[in-house]
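Sequential numbering from 1 along the given sequence is applied to the chain's residues.
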Amino acid sequence: MERRSTAVLDMRGLRWASQQGSVRAVLGRRPGVLEVEANPVSETATVVFDPAQTSVADLRQWVHECGLHCAGQSVPNHVCDPMTEPGTDGHDGAHATGEHTSMDHAAMGHTDHADMQQMDHGAMGEMDHAAMGHGGHAGHAGMSMEDMARDMRNRFLVAAVFSVLVMLWSPMATDMFGWHFGTPFGMRSDIWELILSLPVILYSSTIFFTGAWQALKARTLDMMVLVAVGIGAGWIYSLVITLTGGGEVFYEASTMLATFVLLGHWFEMRARGGANDAIRTLLDLAPPRAVVIRDGQETEIPTAEVIVGDTLLVRPGAKIAVDGLVEDGESEVDESMVTGESLPVHKAAGAAVIGATLNKNGTLRVEATKVGSDTALAQIVNLVQQAQNSKAPGQRLADRAAFWLVLVALAGGGLTLLVWLLAGAGFAKAMLFAITVVVITCPDALGLATPTAIMVGTGLGAKRGVLFKNAMALESSARIQTVVMDKTGTLTKGEPEVTEIVMAGVVSEAELLPLLAAVERESEHPLAEAVVRYAEQRGANGQRAQGFQNIPGHGAIATVDGRKVVIGNRRLLEREGIPLDDLAAARDRVAGNGQTAVLAAVDGKAAAVIGIADAPRETSAQAVRDLHEMGIEVVMLTGDNHATAERIAGELGIDTVIADVLPGDKSDKIAELQSGGRKVAMVGDGVNDAPALARADLGIAIGAGTDVAIETADLVLMRSDPLDVPVALRIGRGTLRKMHQNLAWAVGYNTIALPIAAGVFAPLGFTLRPEIAAMSMSGSSIIVALNALALKGLRLPERN
């Protein structure tokens, strides 16, 4: 079977939405490359490839052939990735995932300690410098979005100054404003305009000409081709007229065209840079350095040099560098930056900790268990990047349409020129209309319509610990009509707790709880742990049991402060000859409600019935209410008995209960719900939920669940909070709404603008000049970007 690996490549210089076509064309034709998705908003590309045929080093070289910079894979600062450097022996910088699964594992290159030591010091120094100095992308020397926006601004300012000067000496200024300025040294005005236009053509516009050349080399058409044709055709025509003795020229049209395109894309880059805030924040979360204890000595080293088995010393206020297990110490750890969980989590010896989280108050010694690309943060970053680079069905259609739109624009420009010439117009006028058609039809807004919305949507989810694996998951989440939730571990905490105590009046609850806690501390049964927790929360401490007897399958007996205490089921009390008396009815009621009824007796008399159950999570009821407000049906699917399931459903307000379901039958139940034509989401956390997650239209895995469940799902809730289910669906609905709005705007804009630009309404006195067309085209792209960014204001449910 074909092997598949996935790499998210940094692609600095991917300025335009239409450049995606060049990247796909160049890489898609290479041996071993299976899938390519480029994202101009994040300046990355997700490439699925066969590691037996190609490597990340090959991909990197091929990206250079697109005219773009690529230093390797896009990874967090703390992941040092020498495998993507030239000259590395036998490594491709990406883990092969073997058999293809529904989700290829993050393939971001992993460096072990031996590899690090084999590298020469110069390479290490260069890598450390790159890792520390490039805003979240290790080893990348290309231009960041901020750098590109700054470069675009500089090109615009030069173009603006000289375009205004060209305008002052152009015939248009004389005709419109009556201005007339003399030229230096008495030269012809068209020659002076030619000289003034040179900085705009030779500096400001070079990105268009080089971009067009790269696209044509890749045997594709993009926006660069259109802009280069628009600017170049007008300027070359004017140059020919100037060199052949003079005449009507329009240097001002070419220079103003370049100016407005540069202005529009400067603003657009600034706007869409905000769409990448979430991933940029994630990339920079991990600390650049860590304190490790080696040979009994504390040593501060770059995080990239931490190896599995190292002991980290994490002081109060410091970030934990990598994933690990606490060896010693206790503290509260703020995990909100990774999981979205707002409350600090208590950590003690044996507890797992996540890299990039913040140690609040105690000193911890942590054994490193996962480093580099294996850390949770690196996996999350890779998952988010792959989601952002994936395509929704609507975007795939838009990408194909963008290519044909370029072709239509070029053909339309030629046809417009011909029609106006046949209509008797002068060549200069016909050329102006043709250039206007070419410029105004640029498909950049169409190419940005959905990637920008997907970037914002996935970033919004990542901030809440809601990880969409791909654009399809975003789109599917917007159409969900029924949410099916597993009970244990999803709607409930997955551990028993005391829900009620019914006293018989033999002793008070304050007297009983210390006695029960003393006996149950000696037991290892989960129900005993629930009783101890309940008693200790109410101040029952210090008592010790003597003569403890564990009665398997029944309960326990012991003496506490000279009093004989029996705790267990009805059979144990019957064996001890203790009648239930008035507690019999209470015991039947508790059991009938789906709870486990535990009986307690003191000195031979029945003292209490204790109801123990798997209690709902604090936010489960609110999650169900929020889903109902969205018009979504909620179904509980569980293997538990009907009584237990109905009790939980009644507490939470769930519509439908499907109980007593065998693990293998869960996916069949999902299929039954889908057979009615409804779009169904399944929320689960266990191995037995995996088939149902795969069968559902949207599989949602609780983050604390098993790897198999997370692997199979389309969406992962990192903080294991059911309230994040409606959050995810709201984000999906909001993102899809923005995608549709942007696509409608982009298509509608081109539909209206094309006939206007071609001069259809010229007989009515309504025409567009190329520079106005450029302003309109750029404005369209800015509107699309700003509309997507408005998604950041989406109102999401918060905990009450």
Quick one: side chains of residues 554-567, donor-acceptor pairs under 3.5 Å with protein atoms, not counting sequence neighbours, listed by atom name and distance.
{"from": "Asp561", "atom 1": "OD2", "to": "Gln543", "atom 2": "NE2", "distance (Å)": "3.1"}
{"from": "Arg563", "atom 1": "NE", "to": "Asp603", "atom 2": "OD2", "distance (Å)": "3.3"}
{"from": "Lys564", "atom 1": "NZ", "to": "Glu576", "atom 2": "OE1", "distance (Å)": "3.1"}

Is there side-chain contact between [X] and [Y], with heavy atoms separated by less than 4.5 Å?
X      : Y      : answer
Ile307 : Arg294 : yes
Glu511 : Leu515 : no
Arg575 : Ile551 : yes
Thr357 : Val345 : no
Tyr534 : Ile610 : no
Leu580 : Glu574 : no
Met682 : Leu693 : yes
Val333 : Val314 : no

Subject >> Asp588 and Arg570 ion-paired at < 4.0 Å >> reply: yes
Subject >> Residues Glu651, Arg647: salt bridge by 4.0 Å N-O rule >> reply: yes
Specify the closest pair of heavy atoms between [X] and [Y], including all atoms of both residues, with the distance to one decimal.
X      : Y      : result
Ala606 : Ala504 : O-CB, 3.5 Å
His628 : Gly653 : CE1-O, 3.0 Å
Ser331 : Asn361 : OG-OD1, 3.0 Å
Thr638 : Ala645 : CG2-CB, 3.8 Å
Pro722 : Ser720 : CD-O, 3.8 Å
Leu358 : Gly317 : CD1-O, 3.4 Å

Output the distance between atom [atom1] ([X]) and atom [atom2] ([Y]), rounded to the nearest 0.5 Å.
X      : Y      : atom1 : atom2 : value
Asn359 : Glu332 : CG    : CD    : 9.5 Å
Arg695 : Glu672 : CZ    : CD    : 10.0 Å
Ile670 : Leu637 : CD1   : CG    : 6.0 Å
Asn569 : Leu599 : CG    : CG    : 7.5 Å
Ser523 : Glu529 : OG    : CD    : 8.0 Å
Arg617 : Asp721 : CZ    : CG    : 7.5 Å

With a 3.5 Å distance limit and no angle check, can you tell me whether [X] reaches the backbone of [Y] through a side-chain donor-acceptor pair?
X      : Y      : value
Glu509 : Ile501 : no
Asp295 : Gln297 : no
Lys347 : Ala352 : yes
Thr490 : Met485 : no
Thr375 : Val322 : no

Original post:
Just checking, any donor-acceptor pair under 3.5 angstrom between side chains of Thr619 and Gln622?
Top reply: no
Original post:
Do Thr482 and Arg678 get their side chains close enough for a donor-acceptor pair, meaning under 3.5 Å?
Top reply: yes
Original post:
Residues in side-chain contact (heavy atoms from CB on, under 4.5 Å) with Glu330, at least two apart?
Top reply: His346, Ala348
Original post:
Does the salt bridge (Lys or Arg N to Asp or Glu O under 4.0 Å) test come out yes or no for Arg289 and Glu300, once each step is laid out?
Top reply: CA-CA 7 Å; Arg289 304 185 72 81; Glu300 187 175 358; 3.5 Å; yes
**OP:** Check the surroundings of atom CZ in Arg538: do more than 12 heavy atoms from other residues, nucleotides or ligands lie under 6.0 Å from it?
**Re:** yes
**OP:** Inspect the surroundings of CG in Asp668 and state if more than 12 heavy atoms from other residues, nucleotides or ligands are less than 6.0 Å away.
**Re:** yes
**OP:** Please name the residue in the list Ile320, Leu312, Asp323, Thr369 that meets the side-chain contact (heavy atoms from CB on, under 4.5 Å) test with Val353.
**Re:** Ile320
